[in-house]
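Heads up, the thing below is written out as C-alpha cells.
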Amino acid sequence: MKILLRPLLVAALALLICAPALAQRQIVVAQGEGVENWDPPVGWDSASEWIEMNVYDCLTFPDRETGEMVGWLAESWENLDDTTWRLSLRQGVTFHNGTPFTAEDVKFSIDRIINGSREQFIVFNQWAFVDTVTIIDDYTIEITTDYPDPAFLSEISGTGCGVVSKAYVEEVGDNGLANFGMGTGPFKLVDYDRDQHVILEANEDYWGGKPEIDRLVFRVIPEPSTRIAELLTGGVDIAPGILPQDLPRIEADPRLQVVQYLTDRVYGLTIAHAPPPGVDAVATSIPEIREAIDYAIDRDELIALAGGGVPTLTRLTPPLPCWDTVDPPLYNVNPYDPERARQILEEIGYPDVPGGPVITLHGTFGQYIAQREIAETIATMLEDVGFEVDLDIREFSTFRETVYRGSNEELMLQSLGNIITDPWIYILNYDSRFGNRIPVRGRFSNPELDTLAAAANVAMDPAERCRILNEYAHKVVNFRPTIELFRMADSIAMPVNVSWTPPPDGNLQFVNLTFND
Amino acid sequence: MTIYIFRRLLQVIPVLFGVTLIVFLMIRLKGDPVQQLVPDWYSEAQVAEVRAAYGFDRPIYVQYFEFISRAVRGDFGLSFHNRVPAWELVREALPWTARLALTAFAIAVVVALPLGILSALNRNTPLDLVVTGLSVWGRSLPNFWLGIMFILLFAVALRWFPVSGTGTFSGLPLWKHLFLPALTLSMGLVTTLTRLIRSSMLEVMREEHVTTAYAKGLRHFTVIGRHVLRNALIPVVTVLGLQLAWLLGGAVIIEQVFAWPGMGRLMLQAIYARDNSVVQAALLVSSLVIVFSNLIVDLLYSVLDPRIRYS
C-alpha cells in the first residue's frame, strides 16, 4: 500500500508546486469606451482602434523608439519605382479560425476601403493614396500609389489597416464582421458585450510567439473616478489616462505603479491671421503681435499644470522621421522671455493697433488634460506682459460648431495628434491647398509653405525630405500659423509585477507585456 | 370605468404626437445635423453630398413624416457610430435601466413608507425632526456625488459590493452589482416620498372622518391603517408616477458613474458622438415609457379614488 501511495503523493506535491505556474495569467484593462465596431476601417473612435489592434495585424508597424517602419504581415518590401511597392508577405500565418493568410486577404482588405465610400468607411479619404493592389503570387503583392509617396509605409499602418479574412467577411458579411472581429493578431476574440466587456484569449499560434497574457479583458467604465476605485479594489489591473489629482492615491498602493509616457499629441494655439466674417480686424494679423504672444508663454509652467510633457515649437516631434535633423532644434525649447514680449508691444504701439487691444482666446474643456486650466493660465501670462485678453471657454459641442468651424478670432487652444508615424499630417495642416484645416481657421495663404509642403509630400529620398522639412519647420515657426506649446504626457496605472511600455499613440497593444514574477 | 379608460387612451394620442414632434425638432435645434456628422475638413460640396445621402435636403415636414412612418415600425435608422440599427441598441439597454429603476423604486417605497408614517405619527418629536432633517439633506445632495461616496464607502473601504459593472464578467450575482446604483438612484425618491407621506398623513389625520372613526371606538392602529393611510396614499401614487421620469433622468448620471449599460448611458454616449438616430430612438422610447406609466397611474388613481372616474 505504502509503495502505491508514494508515487501518488509525489505527483500531488508536484502538481501543487507547479500550480501557480499553470495558473492563467489574466489582465483586466479599464477603458472609457467600448468597441463600437470590429470592422477596422469603420471605427475611428480610439477604443475600437486600440482594442482591435490586439486582434488584427497590419502590413507594417512603427517602431515607437526610432519611428522606423518594421515588417509585420509584410516581411519585406522594395520600391520598384516611385509609385510601385512590392511587398513580400509573411508565410505560415493563420487567422484565428484556422484559415491561412494570403495575398488575397490583403487585396480584399484594401480594395474594400478604396472601392467603398466615406459614408461606409471613415478612413476612406485616408486611404486615397492607394491606386491599385495586384496579387503577384500567394505571398507577394504590388501596391501602386497615385503619386510618389514617401509616407507609404506609415500610411499602410494607419487607421483601418487591420487585415481581415476574405473568406470570413464573405461568410458573415459586413455586419457579422462589425459584431465579431477575427484577424491574425496576438489575441483572439472570445466574448464581446458592446457596453460592458471584451474578452480576448492568447493566440497560441501567433506568428510572433504566444503573448505572456493568457486572458486579456477590457472593461468599459466611462467615469474616471470609478476606474480609479476599480483599480484600488482589484476590479481592474490597468487603467490609462490617470489624472494628476489621482496619482497620490494610486502611488500609495504597493500593488500598483504609475508609468508616465510621452504621447504624440501637442498642445498649441491656432492663430487667426485675418478676421472671421463680421469682424473688422484681428490683432494677430500683425507678425510682431504673434511674436510677442510666443515670448509671453512659459511652456514649462503649462507642463507643470498638465503633470508632464516636453516644450516644443514644432509638431515635428520624436519619433517622427526627420525630427532630429531640425537645426537649430525646435523640440525641447522654451523661448519664454516676458521682457522681450513687453518690448515688442511697446515698439509697435500696442494697444493702438488694428484689431486691438482685446485678444480673444477660445478654448473648451473635458477633451484633454487640464484643458481649461491651460487656457486660463495662458490668458494670465498674456495679461502679465500687457495684453488685454478675452477668455472665451465654451462647452465642446458649441465650441466645435462655432469656433472650430471658422468663427474664431485671435487665438484658439487645441491639441493635435498624428494618425500615422510620419510628418504627413503636420505638413498638410499648413498647406493652404488642402481642405479647410488650420489655414481656414488661421485664414492665411503662404505660397512659400505650400511649395515646400508639396515638395516634402513627394520627396522619396529621405535625406532630401529631411532637408525640406527642416526648412519648412523653421518657416512655420517664424510665420506662426500656430504657436506650438508642449508635447503632452499621459499616465497609465498597472500592477508592479508587469513590464509594459505604452506607445505614444495610445494604442493599447499588449502583445509585448511581460510578467516580472 | 370603460369609458374613462377609453377617454384616457384617446388623450394619449395627441401627447404621443407632441412627443415625436419635440424629439424630432430637438435634434434639429442642436444645430445642423449634417455639420455634426461630417469631419471638419469636408468641403461644401462634400457636405452637400452627405446632406443628400441622409435626406436632410428635403423639406422638414417630409423628413418628419418619414421619421414618424419609420418609427412606428421600430425603424430609427442605423446608428452612425455603431453601424447597427439604433433600435437594437435601445432594446439592449432598456432592460438594464428597467432593472435599475424598478429596484430603486422598490427601495424607495420600502424605506420611505415606514419613515413617513413614523414621522407623521410622532410629529414634532426628535424622531420626526431627524427624519425631516435627513430628507431635506438627502434631497439636496447631487446623486453623482452620492454615487461616488457610496463607491468609496461600500466598495473601496468596506469591500461589501463591487465598484461597477453588472456582473457579466465578475461572476458575482446581479443583485450585488445592482444594489449600489439602485440605492444611489433611490435616494432622491426616498426623501421626496418620506416628506410626502408624512404631510399627506397629517392632512388626512385632521379630517372629520378620522375623528368619527376614533369616536366610534376603533383602535388607533385600525384608524391609521384603514382610514388614514389608505386616503393618504392617493396623492403618493400620483407622485410615484411622475417620479418615474425623474428616475429615468437620474439614471443618466448614475449609469455613467456605475458603468451600467442602460438607456441613460446610451443616450449620453449618443449625444457625445452626435449619433442622432440613437438619440432619437432613446428619447422617444423614454418618453413613451413615461407617457404610459402616467397612464397606468391615472387608471390606478381612478381605482383608488372613485370620484375621478365619475367626474
Side-chain angles (χ1 to χ4, degrees), chain A residues 28 30 32-37 39 42-45 48 117-120 122 125 174-175 178-179 191 193-199 217-223 225-236 249 366 396-398 400-402 404-406 428-429 434-437 440-441, chain B residues 30-32 35-44 46 49-50 53-54 78-85 88-89 92-93 96 144-145 147-148 151-152 155-157 159 161-170 253-262 265-266 268-269 271-275:
Chain A
V28 183
E33 298 166 5
V35 172
E36 306 288 1
N37 196 303
D39 194 346
V42 171
W44 201 343
D45 54 298
S48 293
S117 66
R118 173 61 173 71
E119 278 61 53
Q120 198 182 357
I122 198 157
N125 289 354
D174 286 350
N175 278 345
N179 287 320
D191 190 30
D193 187 325
R194 192 189 318 277
D195 286 323
Q196 302 202 55
H197 64 242
V198 170
I199 300 178
V217 181
F218 291 91
R219 280 189 58 194
V220 186
I221 306 170
E223 175 63 31
S225 58
T226 313
R227 289 201 289 271
I228 302 300
E230 286 282 13
L231 198 63
L232 296 175
T233 55
V236 302
R249 287 167 69 203
F396 182 66
S397 59
T398 319
R400 192 177 190 276
E401 280 167 37
T402 53
Y404 207 62
R405 286 243 172 248
L428 290 183
N429 265 336
F434 178 72
N436 53 1
R437 279 176 168 258
V440 160
R441 284 172 222 132
Chain B
K30 264 191 353 158
D32 181 359
Q35 291 290 350
Q36 294 170 37
L37 283 177
V38 297
D40 52 294
W41 63 82
Y42 256 37
S43 67
E44 283 308 312
Q46 284 170 308
E49 238 174 71
V50 177
Y54 282 88
L78 271 189
S79 153
F80 161 73
H81 204 54
N82 295 274
R83 306 285 163 132
V84 293
E88 204 175 289
L89 297 175
E92 279 172 17
W96 289 111
F144 71 89
W145 180 84
I148 293 171
I151 288 178
L152 289 179
V156 178
R159 308 274 171 125
F161 296 98
V163 174
S164 66
T166 61
T168 51
F169 166 72
S170 72
I253 302 295
I254 301 295
E255 288 178 359
Q256 187 77 0
V257 171
F258 287 94
W260 193 262
R265 211 177 98 191
L266 176 72
L268 206 63
Q269 280 172 354
I271 291 168
Y272 280 143
R274 298 179 294 278
D275 200 343

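Note that these values count all heavy atoms, side chains included, but never hydrogens, waters or copies made by symmetry. Per chain, numbering begins at 1; letters A, B, ... match sequence-line order.
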Fill in the blank from the handout: d(B:Ile253 CD1, B:Leu268 CG) to nearest 0.5 Å is 6.5 Å
Exercise for the section: With the side chain counted from C-beta on, respond yes when B:Pro261 and B:Glu92 share a heavy-atom pair under 4.5 Å apart, and no when they do not. Expected result: no
Fill in the blank from the handout: Nearest heavy-atom approach of B:Leu78 to B:Pro85 is CD2-N, 3.5 Å
Exercise for the section: Below 4.5 Å from any heavy atom of chain B, which atoms of A:Ala178 appear? Answer side chain, backbone, both or neither. Expected result: neither
Problem - Contact winner vs chain A - B:Leu89, B:Val257, B:Leu152, B:Ile151, heavy-atom pairs under 4.5 Å - result: B:Val257
Problem - Residue part contacting chain B, namely of A:Asn179, when any heavy atom lies under 4.5 Å - result: side chain
Exercise for the section: Using a cut-off of under 4.5 Å on heavy-atom pairs, state which of B:Thr166, B:Ile148, B:Leu266, B:Val84 scores highest against chain A. Expected result: B:Thr166
Completion exercise
Heavy-atom nearest pair, B:Phe258 first then B:Val163, reads CD2-O, 3.5 Å
Exercise for the section: Decide yes or no for B:Gln269 and A:Asp195: does some side-chain heavy atom of the first lie under 4.5 Å from some side-chain heavy atom of the second? Expected result: yes
Problem - Which portion of A:Arg227 sits near chain B, non-hydrogen atoms under 4.5 angstrom - result: neither
Handout entry: A:Arg219 and B:Ser164, any side-chain heavy atoms less than 4.5 Å apart
Key = yes
Practice task
Would you mind checking which part of B:Trp96 comes under 4.5 Å of any heavy atom in chain A, side chain (CB onward), backbone (N, CA, C, O), both or neither?
Solution key: side chain
Handout entry: A:Thr233, part contacting chain B, at a heavy-atom distance under 4.5 Å
Key = both
